[in-house]
Amino acid sequence: MEGGTASSVTIIILLPIFLPYPATPITQLPTIRLLHTVKFPLSDQLLMESSPPSSSPSSSPSMDRVNFRTQVLSRHLHHHPQTTDLLRTAPCLNYSPPELSNPPPNFDTKSLRKLLDGTSVEEIDYIFNLMIQSTLFCPRERGGKVFIAPDFNQSMEQQREMTVKRIEYLRDRGVFEGWFDKKGPEGDLWRFALAESVSVYDHSLGIKLGVHFFLWGGAIRFMGTKRHHDKWYKPTETYEVKGCFAMTELGHGSNVRGIETITRYDASTGEFIINTPCESAQKYWIGGAGNHATHTVVFSQLEINGVNEGVHAFIAQIRDENGNICPNVRIADCGHKIGLNGVDNGRIWFDNLRIPRENLLNSVADVSPDGQYLTEIKDPDQRFAAFLAPLTSGRVTIAASSMNTTKIGLAIAIRYSLSRRAFSIKPNEPEVLLLDYPSHQRRLLPLLAKTYALSFASNYLKMIYVNRTPQTIKTVHVVSSALKAVLTWHCMRTLQECREACGGQGIKTENHVGHLKSEYDVQLTFEGDNNVLMQQISKALLAEFLAAKKRNKPIRGLGLEHLNKPAPIIPTQLTSSTLRTTQFQTDIFCLRERDLLQRFVAEVSQLQAQGESKEHIFTVTYQTAEDLGRAFSDRLILQTYLDVEATVPAGSLKSVLGLMRSMYTTIVMEEDASFLRYGYLSTNNAAVVRKEVLNLCSELRPHALSLVSSLGIPDAFLAPIAFNWVEANAWSSI
Amino acid sequence: VLIKESSNVRTIILNRTKQLNALSLEMISRLLEVFHAYEEDPNVKLIIMKGEGRAFCAGGDVAAVVNDINKGSWKLGANFFSKEFTLNYLMATYTKPQVSLLKGIVMGGGAGVSIHGRFRVVTDNTVFAMPETALGLFPDVGASYYLSRLPGFFGEYVGLTGARLDGAEMLACGLATHFVPLEKLSLLEDALCKANSGDPKIINSIINEFSNTNPKLKEKSQYFRLKTIDRCFSRRTVEQIISALVSYKKEKEADKNMDDWISWTIQSLKKASPTSLKISLRSIREGRLQGVGQCLIREYRMVCSVMQGEYSKDFFEGCRALLLDKDKNPKWNPSKLEFVSKDMVDRYFAALDDKDWEDLKLPARSNLPVYAISKL
């Protein structure tokens with residue numbers, strides 16, 4: 001009994017000390033034996049007698065290690081003020097801030113941040129200021145610095161209440177004033193900046209605001225007409241009306257046209273009657289509906305005179321001013337989720353709810369008082385597309401905020417890797433900084449370069465969105481689909497890598513990297529499931545290709561103009577310097593897109609010739625479609641990167657951008673099997689590519705700190721492990 | 001600058017009483033030298049900083065700076081600030097504790113040589129202010145670091161209006177670490193010398209022995225206005241801050257108990273240089289997201305632009321009106337907030353367009369204590 005207790009005590013002591021240093025069994029064994037016999041007075045003696053490992057040439061490396069461990073351990077066990085002087089020589093890990101050990105930036109970090117955040121820098125920083133200075137955002141001191149993050153230890157209901165309080169705080173500071181008044185591209189960019197900056201603090205806050213302002217507010221703005229604007233803009237801006245957006249149902253998500261909620265018109269009273277005909281038609285995941293929303297936009301089939309006119313949107317009140325649920329409406333909670341518990345997702349059933357005729361959002365179609373269906377767009381497909389097109393803004397904000405989340409993860413993991421050491425390469429030497437291991441560089445630095453590339457692409461998406469015209473709607477749709485998918489996938493992947501790169505510390509909620517995964521995960525699904533979105537790209541490219549062929553004209557738009565030129569030739573023997581030229585990078589990305597598109601066209605037409613239906617063909621050609629979707633996205637991202645690079649004058653910033661571009665293209669070539677599968681790279685060249693990744697990693701290493709500093713995420717939004725993690729975990733901090 | 005040695009304690013005394021211990025270039029150079037030397041000297045464990053006479057320190061000697069610039073080039077001014085800010089950085093990241101005994105006036109540059117240190121002891125007659133916006137300058141000496149870290153938006157209030165704080169208010173907002181009654185101040189100094197220790201914990205407990213831990217805020221203390229200050233000074237722009245204050249005043253007009261605090265606040269903003277207000281607000285907001293080194297580097301850019309006088313000569317006008325001619329009637333140019341465009345503000349934050357000019361190069365630091373690491 002006693003023996004068992006003793007050994008379990010030993011294990012408890014050993015675990016925290018040995019887990020980070022998986023030493024060989026030989027070096028571990030004697031240490032364990034020592035531990036059994038160590039008594040406090042003895043440990044004092046040990047400290048006095050043992051000289052620092054470096055000055056004991058006679059002892060073997062493993063004995064040095066034993067001594068070292070013993071000293072570290074006795075320090076852990078021993079808390080005696082008199083021994084301060086003795087302990088001075090004891091080996092102890094100190095936090096050394098990366099700022100002091102890394103060279104100062106050799107480029108202007110402010111200019112690089114400006115490339116990322118553009119004209120929105122000031123607005124973003126202003127919102128950061130507001131959040132940092134309010135106790136509602138739960139500031140806490142760790143290791144001498146103040147961090148802000150939601151208290152995830154609160155119950156779901158408490159988290160939801162905090163989200164609302166934070167929104168009200170921001171509203172009271174006048175943050176949302178002019179939400180609907182600010183016009184033009186500047187207005188759009190300002191709204192995006194607001195949405196993105198609050199999400200840096202907490203996704204729940206971002207989503208709750210996004211649902212209210214972008215989805216509810218956007219539906220009023222784009223799907224509604226003047227009568228809706230006059231009535232709803234003001235109370236929406238002041239958050240007096242709390243809106244939500246009831247589109248998804250239990251039975252239908254991505255396939256919006258399949259929803260089952262049905263609305264009929266009663267000409268005798270001039271009212272619409274909304275009904276949930278079956279359980280699968282209950283509205284599901286409706287953000288805001290669980291506790292707070294007073295109004296919703298309801299998506300429903302509209303049946304007029306027995307004819308289904310397709311999906312339309314209506315405004316319905318679901319709660320009164322006191323928060324009581326309205327008659328003929330039933331609401332239930334979606335319950336606890338893997339993340340975003342600060343958002344009150346709910347389910348809604350409508351029991352023949354009557355709403356005024358004017359509540360139909362009638363930008364595309366209307367119903368006259370006597371019950372006639374009126375529309376300018378006769379084709380239901382086109383009508384549906386025109387109807388939903390304005391909602392693209394959701395995908396734009398998701399893509400953009402995925403980059404912020406990625407930046408947070410990378411800033412934390414890279415800063416940690418610049419202060420955390422593990423294993424000595426030579427005996428008696430200090431342990432090596434994580435980021436000085438080529439393997440650790442390989443894990444994090446390509447993701448960093450990629451994040452810059454994808455951030456530039458996200459800015460490009462924002463710009464084509466805010467400057468959209470009826471002629472560019474298709475491009476906006478395709479690019480937003482592609483980038484929403486690629487960027488959110490990149491975000492999840494990066495967070496997982498960062499979590500692993502931070503080791504055990506990545507598990508702690510306060511260190512963000514692990515926890516953010518579950519907060520972020522849903523973004524891969526909502527506003528268009530990533531896999532569904534990617535298939536749309538290939539369909540769109542195919543349509544463009546066939547249309548151009550049919551007209552017998554050069555293909556234009558979506559960046560496909562390179563298809564009109566002869567196929568680029570890839571050198572048979574690649575070298576490091578070739579890999580870094582924009583010519584080669586552009587050539588191989590274009591070649592891949594072009595070849596995959598041709599393969600896709602061939603595959604589809606072959607199946608068509610066999611008499612297969614269009615729908616069937618797309619379900620069986622998904623492999624090529626997927627490769628093509630990737631190829632399109634990667635080529636687009638490279639193009640936007642080159643455009644950004646071109647705006648930067650020659651100098652140190654331009655060279656580091658060039659380095660990151662090469663990293664981006666090289667890592668894509670290394671990671672995407674299609675380059676080998678279809679022979680754009682020979683196996684020899686693939687080996688050159690792989691080697692080049694290593695070179696690029698070591699060349700980016702000196703810039704790592706400056707590159708994460710340029711990401712523009714303030715310290716308060718990072719985590720204790722990004723700074724003085726020794727002090728943050730010190731006994732004195734408990 | 002006088003220095004008193006008592007075994008391992010060095011007491012640095014600012015001694016230019018006629019000018020209320022305003023920091024001249026000579027004094028700053030001397031302080032830099034001394035601070036560098038003490039860091040290396042194992043015989044020094046603790047630094048005490050105080051002022052001779054009525055004031056701790058009334059600021060940097062800007063009148064002399066203006067005089068130099070008028071006689072020579074703005075670069076003489078730049079040289080002054082480069083030394084001063086380097087000293088501020090050294091103090092902020094110092095490896096040994098500094099105890100500042102803040103008796104009387106602590107303004108501008110005086111705050112710069114004390115607030116960055118580990119212990120700031122205030123007393124009954126302490127008067128603190130960052131009055132730069134009234135002078136056509138902006139709160140410098142790293143103020144964008146320490147003001148921005150005060151509770152809520154108190155830092156914006158203090159930095160933009162130049163409001164004066166007393167000892168109790170300084171302790172409440174965190175600018176001071178201890179409040180020691182005037183009569184006990186010299187006893188504290190003796191006790192620190194006697195203890196002869198460089199251990200922050202021991203120093204802290206010694207100061208605590210003499211401290212009044214909860215000095216009473218005066219009845220009409222502006223610190224009781226924190227809620228209003230937060231509401232108004234959290235706004236995006238100076239214009240919005242003023243209009244929030246004005247509408248608050250209107251709201252409370254019927255309230256007979258309202259004193260003139262709100263009017264004073266609005267008045268002080270209206271009297272200050274519009275350019276100064278705009279660059280100060282932005283400086284504090286940027287400073288909140290930066291380390292102390294970055295703050296000083298940015299402030300150095302700003303102060304050089306001010307000295308260069310290319311976009312506005314308000315600093316020279318402010319010095320003329322308040323320090324030289326003393327007519328207290330500066331003619332600001334641009335004269336109104338709406339004439340100061342975002343573009344003009346941006347220029348103060350950019351590198352100077354001058355081939356000899358360089359960003360402030362801060363000295364390399366190492367072996368920093370936890371306290372200093374967190375400021376980087």
Side-chain angles (χ1 to χ4, degrees), chain A residues 81 84 94-101 103-105 108-111 113-114 119 121-136 139 141-147 169-170 172-175 177-178 190 419 709 712-717 720 723-724 726-728 730 732-733, chain B residues 93 148-156 174 199-202 226-227 229-237 240-241 243-244 247 281-282 284-294 297-298 301 342 345-346 349-351 359 361-376:
Chain A
T84 328
N94 274 320
Y95 172 78
S96 167
E99 280 79 3
L100 300 184
S101 49
D108 183 20
T109 51
K110 257 184 139 176
S111 306
R113 163 126 197 254
K114 191 119 208 281
T119 50
V121 169
E122 246 184 285
E123 183 63 24
I124 293 170
D125 285 354
Y126 170 63
I127 304 295
F128 287 163
N129 264 269
L130 284 182
M131 297 195 282
I132 292 172
Q133 290 309 101
S134 164
T135 49
L136 279 175
E141 207 216 285
R142 306 281 278 116
K145 287 186 88 89
V146 176
F147 298 97
Y169 164 81
L170 294 171
D172 293 345
R173 297 301 178 276
V175 166
E177 274 168 25
W190 170 73
S419 67
S709 305
I713 308 290
D715 296 356
F717 294 84
F723 299 94
N724 194 343
V726 177
E727 184 63 20
S732 58
S733 74
Chain B
T93 58
S148 63
R149 279 152 179 84
L150 301 185
F153 295 84
F154 198 62
E156 273 92 339
D199 181 345
K201 280 199 197 92
I202 295 173
L226 209 51
K227 233 177 141 184
I229 289 172
D230 272 0
R231 222 181 164 88
C232 301
F233 282 85
S234 59
R235 297 291 164 142
R236 269 190 194 90
T237 62
Q240 287 174 5
I241 289 174
S243 81
S247 57
L281 180 63
R282 170 131 164 228
I284 293 169
R285 297 266 162 94
E286 284 197 15
R288 193 166 274 138
L289 311 179
Q290 291 176 321
V292 70
Q294 291 169 298
I297 291 171
R298 174 178 40 72
R301 282 185 175 193
K342 184 180 173 303
V345 174
D346 281 347
F349 294 80
D359 267 321
K361 293 265 181 302
L362 294 170
R365 309 291 293 139
S366 60
N367 296 320
L368 300 185
V370 169
Y371 163 76
I373 285 177
S374 65
K375 296 185 187 175
L376 289 172

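Every chain is numbered from 1, with letters handed out A, B, ... down the list of sequences.
- Considering only heavy atoms from C-beta on, Arg173(A) comes within 4.5 Å of Asp230(B) through its side chain.
- Proximity to chain B (any heavy atom under 4.5 Å) is shown, for Glu141(A), by neither the backbone nor the side chain.
- To the nearest 0.5 Å, the span separating OG on Ser374(B) from OH on Tyr95(A) amounts to 10.0 Å.
- Side-chain contact between Phe153(B) and Leu130(A): present, with at least one pair of heavy atoms (C-beta onward) separated by less than 4.5 Å.
- For a residue to count as touching a neighbouring chain, one of its non-hydrogen atoms must lie under 4.5 Å from one of that chain's; by this rule Leu150(B) touches chain A with the backbone only.
- Under the 4.5 Å side-chain criterion, counting only non-hydrogen atoms from C-beta, Arg285(B) is not in contact with Glu122(A).
- With a 4.5 Å cut-off on side-chain heavy atoms, Gln133(A) and Glu156(B) do not count as touching.
- In this structure Asn724(A) satisfies the side chain to side chain donor-acceptor pair (under 3.5 Å) test with no other residue, sequence neighbours excluded.
- The distance from the OG atom of Ser709(A) to the CD atom of Gln290(B) is 11.5 Å, given to the nearest 0.5 Å.
- No more than 12 heavy atoms of other residues, nucleotides or ligands sit less than 6.0 Å from atom NZ of Lys114(A).
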Checking Glu286(B) against Lys110(A) for the side chain to side chain contact (heavy atoms under 4.5 Å, CB included) test, could you report, in this order, the C-alpha distance in whole Å, the side-chain angles of both residues, the deciding distance, and whether it holds? CA-CA 12 Å; Glu286(B) 284 197 15; Lys110(A) 257 184 139 176; 3.5 Å; yes
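- Evaluation of the side chain to side chain donor-acceptor pair (under 3.5 Å) rule for Arg231(B) yields no partner, not counting sequence neighbours.
- Neither the backbone nor the side chain of Phe717(A) has a heavy atom closer than 4.5 Å to any heavy atom of chain B.
- Contact record, Leu100(A) with Ser366(B): CD1-CA, 4.4 Å, taken as the closest heavy-atom pair.
- Contact annotation: the side chain of Leu289(B) approaches that of Ile132(A) to within less than 4.5 Å [non-hydrogen atoms, C-beta and beyond].
- Highest contact tally toward chain B, considering only Asp172(A), Thr135(A), Val726(A), is held by Asp172(A) [criterion: heavy-atom pairs under 4.5 Å].
- Residue contact with chain B, scored on non-hydrogen atoms closer than 4.5 Å, is absent for Phe723(A).
- Look at Glu123(A) and Arg236(B) and you find a salt bridge, because one of the NZ, NE, NH1 or NH2 atoms lies within 4.0 Å of a carboxylate O, short of that distance.
- The contact between Phe349(B) and chain A is made by backbone and side chain atoms together, counting heavy-atom distances below 4.5 Å.
- Under a 4.0 Å N-O distance rule, the pair Lys375(B)/Glu99(A) does not qualify as a salt bridge.
- To the nearest 0.5 Å, the span separating CG on Asp125(A) from CZ on Arg288(B) amounts to 11.5 Å.
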